[in-house]
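Below is one structure, written out as structure tokens, with a few remarks after it.
No hydrogens, no waters, no symmetry mates; every other heavy atom, side chains included, goes into these values.
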Amino acid sequence: MLSPTFDYKNPAAVQKKLDSLVRTQRVGMVMGTSLGGFFAIYCSAKHAIHAVVINPTVKPSQTLAKMVGKQKNYVTREEYQFTAADLAKFADFEQKVFDKLTFDGTKLHFVLSTDEELLGDHHYLEQRFPDCHDFNYFDQQRHRFAGVKILIPIIERAMNN
């Protein structure tokens with residue numbers, strides 16, 4: 001299992017690092033939550049691998065707009081500035097890369113909170129990814145998804161497909 005850290009202010013750098021990791025480490029499945037879910041969906045389409053995505057954003061240029069300003073990394077606790085220029089990089093990446101991908105719904109496995117406080121109702125994803133039939137909705141999980149144990153059967157199903 002790999003758990004890389006990325007400079008999420010630069011989607012092109014994340015793309016390059018992910019592409020390299022998938023190729024060199026022979027990654028067969030990816031997982032991600034929120035913005036990490038966005039990049040997991042990207043990896044699934046780009047490399048034809050399974051992705052388990054938890055409360056993903058699929059339009060970071062919109063959902064990250066409220067994040068412009070001073071931020072703190074959840075893991076390292078490092079403070080940084082997220083700027084309008086950083087946000088524009090996501091709009092560019094969405095338009096030039098993400099929106100041009102072809103998604104294989106059999107490789108996407110969505111785990112979604114019904115009480116998502118940051119991204120709202122996820123049901124639109126069913127229209128965005130009409131070939132996907134693995135949408136799993138859970139109550140009382142919020143954005144950070146509190147119930148890790150309920151992920152196990154979904155991960156196992158993805159690994160065995």
*Please check if the distance between the ring centroids of H123 and F135 is under 6.0 Å.*
no
Cluster check [X], [Y]: I/L/V/M/F/W/Y, side chain < 4.5 angstrom:
| X | Y | result |
| --- | --- | --- |
| F82 | V14 | yes |
| Y8 | V30 | no |
| V68 | L118 | no |
| I41 | V97 | yes |
| M67 | V58 | yes |

How are the rings of [X] and [Y] set to each other: parallel, tilted or perpendicular (split at 30° and 60°)?
| X | Y | answer |
| --- | --- | --- |
| F103 | F129 | perpendicular |
| F39 | Y42 | perpendicular |
| H109 | H50 | parallel |

*Check: N55/T33 side-chain N/O donor and acceptor closer than 3.5 Å*: no
*Would you kindly say whether H143 and D115 are connected by a side-chain donor-acceptor distance under 3.5 Å?*
no
*Would R77 and K72 satisfy side-chain contact (heavy atoms from CB on, under 4.5 Å), going step by step from the backbone distance to the final call?*
CA-CA 6 Å; R77 311 306 294 162; K72 186 182 281 191; 3.5 Å; yes
*asked:* Using only atom types and a distance under 3.5 Å, with no angle test, would you say the side chain of T24 pairs donor to acceptor with the backbone of S20?
replied: yes
*Check: Q141 side chain, D139 main-chain N or O, donor-acceptor pair, under 3.5 Å*: yes
Pairwise side-chain contact, [X] with [Y], heavy-atom cut-off 4.5 Å (strictly under):
| X | Y | value |
| --- | --- | --- |
| V53 | V111 | no |
| L35 | P56 | no |
| M29 | I155 | yes |
| T63 | L119 | yes |
| D134 | N136 | yes |
| H47 | D19 | yes |
| F90 | L64 | yes |
| H122 | E116 | yes |

Does a side-chain N-to-carboxylate-O contact under 4.0 Å join [X] and [Y]?
| X | Y | value |
| --- | --- | --- |
| D99 | K59 | yes |
| K70 | E79 | yes |
| K17 | D7 | no |

About how many Å separate [atom2] of [Y] and [atom1] of [X], when rounded to the nearest 0.5 Å?
| X | Y | atom1 | atom2 | value |
| --- | --- | --- | --- | --- |
| T83 | D86 | OG1 | CG | 3.0 Å |
| F145 | I150 | CZ | CD1 | 3.5 Å |
| Q15 | F93 | CD | CZ | 4.5 Å |
| K9 | L87 | NZ | CG | 12.0 Å |
| I54 | S113 | CD1 | OG | 9.0 Å |
| L108 | S44 | CG | OG | 4.5 Å |

*asked:* So which atom in A40 and which in G32 form the shortest heavy-atom distance, rounded to 0.1 Å?
replied: CB-N, 4.0 Å
*What are the two closest non-hydrogen atoms of C43 and I49, and how far apart are they?*
O-CG1, 3.8 Å
_Is it the case that atom CD in Q140 sees more than 12 heavy atoms from other parts of the structure closer than 6.0 Å?_
no
*Step by step, would you call V52 with F110 a side-chain contact (heavy atoms from CB on, under 4.5 Å)?*
CA-CA 6 Å; V52 175; F110 288 91; over 6 Å; no
*Taking D92 as the fixed residue, which of K96, K89, Q95 is the one that meets the side-chain hydrogen bond (donor to acceptor under 3.5 Å, both in side chains) rule?*
K96
